[in-house]
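In each ligand, atom 1 is the first atom listed, and ligand 1 is the first ligand listed.
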Amino acid sequence: MVPAVEMRNINKTFPGVAANRDINLQVMPGEIHAILGENGAGKTTLMSILAGLYHPDSGQIWIKGHRVVLKSPFHALQAGVGMIYQHFKLVLPLTVAENIALGDRRIKRFFSKKRLEQSAADIIKEYGIELDPRQVAQQLSLGELQRLEIIRVLHRGCEVLILDEPTAVLTPAEASELYALLKKLAQAGKTSILITHKLNEVMEVADKVTILRRGEMVGTFSTSATSVSTLASLMIGREYNLDEKGPPFRGTSTPFLKAQDISIIGNRGNQAVSGADLDLRRGEILAIAGVAGNGQRELLEGLAGMRRIVSGRVTLDDKDITDRSVRELQQMGIRMACEDRMGMGLVGEFGITDNLILRDYYRESYGRGFWLDYQSISRRAARVVEKFNLQPPDLNRPVKLMSGGNQQKLMLAREIEENPAVIIAAYPTRGLDIAAIEAVYHMLWKEKERGAAILLVMEDLDEIMRVADRVAVMYRGRLSPAYDTGEIKIEELGRLMAGLDRGDRDEAN
Ligand SMILES: Nc1ncnc2c1ncn2[C@@H]1O[C@H](COP(=O)(O)OP(=O)(O)OP(=O)(O)O)[C@@H](O)[C@H]1O
Ligand SMILES: [Mg+2]
């Protein structure tokens with residue numbers, strides 16, 4: 001059989017980094033092929049080359065047995081290769097039907113709205129996906145947006161679908177739907193290449209897996225003939241302990257940060273948080289579980305002073321802090337790392353140094369009179385780079401050129417480095433490779449031992465059980481009581497996440 005895609009001896013260097021070195025990749029038609037590797041290993045670069053976004057310095061690309069030179073993403077799509085990026089290229093104010101029609105020459109611009117919707121409905125049906133053609137893209141969930149993006153690419157004749165960490169932003173249920181879709185496409189002879197950090201996902205959905213390490217190829221393996229722990233050690237290049245637990249809770253039981261009956265309004269004027277009670281103690285990690293969009297983000301933003309608390313009361317060490325500004329809260333030691341690395345968190349054009357001072361430019365230690373003291377700022381930046389092993393360790397290189405995992409570490413490092421009393425973080429390990437996840441856990445565990453009160457919003461229940469001392473679940477703006485992670489089962493958390501009670505035996509209470 002002729003491979004659907006073959007990349008031969010691909011090399012790509014960016015200033016100072018050999019992102020891909022002599023990579024050989026072969027993917028057969030109808031195969032689901034995972035690409036695995038640490039942050040910065042060169043996965044996105046390799047796939048961007050296949051999608052026509054980057055040009056390799058050397059090497060060849062063969063599609064269905066023909067040598068091609070891909071000049072642009074449009075050109076790659078003509079050759080049958082389409083990539084789904086993490087930031088969807090959809091036009092949000094338009095409907096599903098209009099988005100599908102965009103740039104599709106078969107659907108004429110003078111089509112009536114009805115006809116447009118009909119042809120979109122046909123296409124959607126062809127792939128057996130659930131989507132309403134009349135719905136405005138803005139109202140879709142992330143999972144739906146992703147399906148729409150996939151349909152668009154497929155509809156333009158794509159035979160090889162590349163997905164870059166497609167489940168990083170999906171709920172577990174949405175991820176399962178995506179796996180089902182990929183398997184269905186595979187049966188229809190389409191090929192999928194999936195970049196992912198989730199080893200379980202590789203085992204569940206992929207036929208083959210190619211591992212990259214520091215720009216080089218480790219090898220391609222059949223998932224049926226390997227295991228999660230083998231993949232982990234091949235990826236990292238050494239043995240790996242994925243079950244290590246954090247230090248036990250040694251704090252006092254007095255609440256430090258306390259929210260009483262607080263309500264918060266969301267962006268759409270909706271009641272995002274309704275009467276939530278929360279106690280956070282020093283020296284503990286409290287995780288909030290739940291399907292994204294149930295008010296977790298608003299709750300964190302409210303506690304960090306980024307969103308107004310419309311009723312109820314928040315206290316820190318018994319002092320009322322309900323209406324304090326972000327800056328006042330920061331000065332009291334409450335620090336928050338955002339969900340969105342590039343939106344709210346970091347400025348992509350700036351280097352590490354400038355991103356570090358971004359938030360603290362008003363701090364006295366930086367000022368020398370009127371001017372910023374660049375020497376002490378650079379010293380601090382160098383310290384952060386070393387302490388948290390940020391790669392590459394170049395202080396002035398735009399951070400948008402760093403890999404996702406390193407950006408995430410930088411964002412957390414910026415907050416943690418200040419020895420805050422309270423650390424609030426949303427999805428601190430999203431998009432990270434297993435080594436970076438461990439690094440982030442160790443950062444948090446160290447803070448916990450120092451006595452920081454840590455509040456995390458997380459999705460993965462296995463991770464929550466491993467990292468957190470207590471866990472509460474958010475569902476439709478309501479926050480459950482917090483349970484000790486040692487005393488609640490994953491299934492019980494799943495029930496709470498779906499809006500049910502904890503379990504049958506609790507019904508009497
Ligand atoms: N446009 C660019 N300019 C300069 N350097 C880049 C560019 N894109 C990537 N790099 C560098 O190339 C290396 C590989 O990056 P790449 O984004 O391919 O990694 P990755 O495996 O996708 O990582 P992650 O899992 O974090 O997404 C990194 O060191 C990165 O900093
Ligand atoms: Mg990447």
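An N or O contact shorter than 3.5 Å is missing between Ala19 and ligand 1 by distance. In terms of polar-atom proximity, Gly40 is counted as a contact of ligand 1, with an N or O under 3.5 Å from an N or O of the ligand. For Gly42, a nitrogen or oxygen atom sits less than 3.5 Å from a nitrogen or oxygen atom of ligand 1, counting backbone and side chain alike.
Remark: minimum distance from atom 6 (C) of ligand 1 to any protein heavy atom is reached at Phe14 CD1, 3.2 Å. From the protein, the heavy atom lying nearest to atom 29 (O) of ligand 1 is Val17 CG1, 3.4 Å. Closest to atom 18 (O) of ligand 1, if we only count protein heavy atoms, is Thr45 OG1, 2.5 Å. Closest protein heavy atom to atom 24 (P) of ligand 1: Asn39 ND2, 3.5 Å. Scanning the protein for heavy atoms near atom 22 (O) of ligand 1, the closest one is Thr44 OG1, 2.8 Å. Looking from atom 25 (O) of ligand 1 to the surrounding protein, the closest heavy atom is Lys43 NZ, 2.8 Å. Nearest protein heavy-atom contact of atom 30 (C) of ligand 1 is Leu401 O, 3.3 Å.
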Would Gln391 and Lys409 count as a side-chain contact (heavy atoms from CB on, under 4.5 Å) if you check the C-alpha gap in whole Å, the side-chain angles of each, and the deciding distance to 0.1 Å?
CA-CA 10 Å; Gln391 292 294 335; Lys409 280 201 283 183; over 6 Å; no
Give the C-alpha distance, both sets of side-chain angles, the deciding distance and a yes or no for side-chain contact (heavy atoms from CB on, under 4.5 Å) between Val160 and Val27.
CA-CA 9 Å; Val160 178; Val27 186; over 6 Å; no
Could you go through Asn20 and Thr45, starting from their C-alpha distance and side-chain angles, then the distance that decides it, and tell me whether this counts as side-chain hydrogen bond (donor to acceptor under 3.5 Å, both in side chains)?
CA-CA 7 Å; Asn20 287 158; Thr45 303; 5.2 Å; no
Tell me, with the steps shown, if Val5 and His33 meet side-chain contact (heavy atoms from CB on, under 4.5 Å).
CA-CA 11 Å; Val5 165; His33 196 113; over 6 Å; no
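The Mg ion (ligand 2) has Thr44 OG1 as its protein N, O or S neighbours under 2.8 Å.
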Side chains of residues 51-58: which donor-acceptor pairs under 3.5 Å do they make with residues two or more places apart or in other chains?
from, atom 1, to, atom 2, distance (Å)
His55, ND1, Leu70, O, 3.4
Asp57, OD2, Thr13, N, 2.7
Ser58, OG, Asn11, ND2, 3.2

Side-chain donor-acceptor distances from residues 192-199 under 3.5 Å, at least two apart:
from, atom 1, to, atom 2, distance (Å)
Thr196, OG1, Lys198, N, 3.0
Thr196, OG1, Glu201, OE2, 2.9
His197, NE2, Asn39, ND2, 3.4
His197, NE2, Glu165, OE2, 3.4
His197, NE2, Gly431, O, 3.3
Lys198, NZ, Thr167, O, 3.2
Lys198, NZ, Thr167, OG1, 3.4

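With sequence neighbours left out, the ring pair (Phe, Tyr, Trp, His ring centres under 6.0 Å) criterion links Tyr441 to Trp445.
Side chain of Ser233 to main chain of Thr230: a donor-acceptor pair is present (N/O by atom type, distance under 3.5 Å, no hydrogens or angles). Of the possible polar contacts, one joining the Lys190 side chain to the Cys158 backbone as a donor-acceptor pair under 3.5 Å is found. Distance alone, capped at 3.5 Å, is enough to place a donor-acceptor pair between the Arg450 side chain and the Pro420 backbone. No side-chain donor-acceptor contact under 3.5 Å links Glu6 to the backbone of Gly65. Although no hydrogens or angles enter the test, the distance criterion places no donor-acceptor pair under 3.5 Å between the side chain of Glu459 and the main chain of Tyr427. In this structure, Asn355 contributes its side chain and Val347 its backbone to a donor-acceptor pair below 3.5 Å.
In summary, the atoms of ligand 1 found under 4.0 Å from a heavy atom of His197, numbered by their order in the structure, are 25 (O). Listed by atom number, the atoms of ligand 1 under 4.0 Å from Tyr54 heavy atoms are 1 (N), 8 (N). Of all atoms in ligand 1, listed by their number and element, those nearer than 4.0 Å to a heavy atom of Glu165 are 25 (O), 27 (O).
For Glu38, every heavy-atom contact with ligand 1 shorter than 4.0 Å involves the backbone, none the side chain. Contact annotation for Arg397 and ligand 1: only side-chain heavy atoms (C-beta onward) come within less than 4.0 Å of the ligand.
In summary, Glu38 and Arg213 do not engage in a salt bridge, as defined by a charged side-chain N under 4.0 Å from a carboxylate O.
Heavy atoms of Ala41 come nearer than 4.0 angstrom to ligand 1 in at least one pair.
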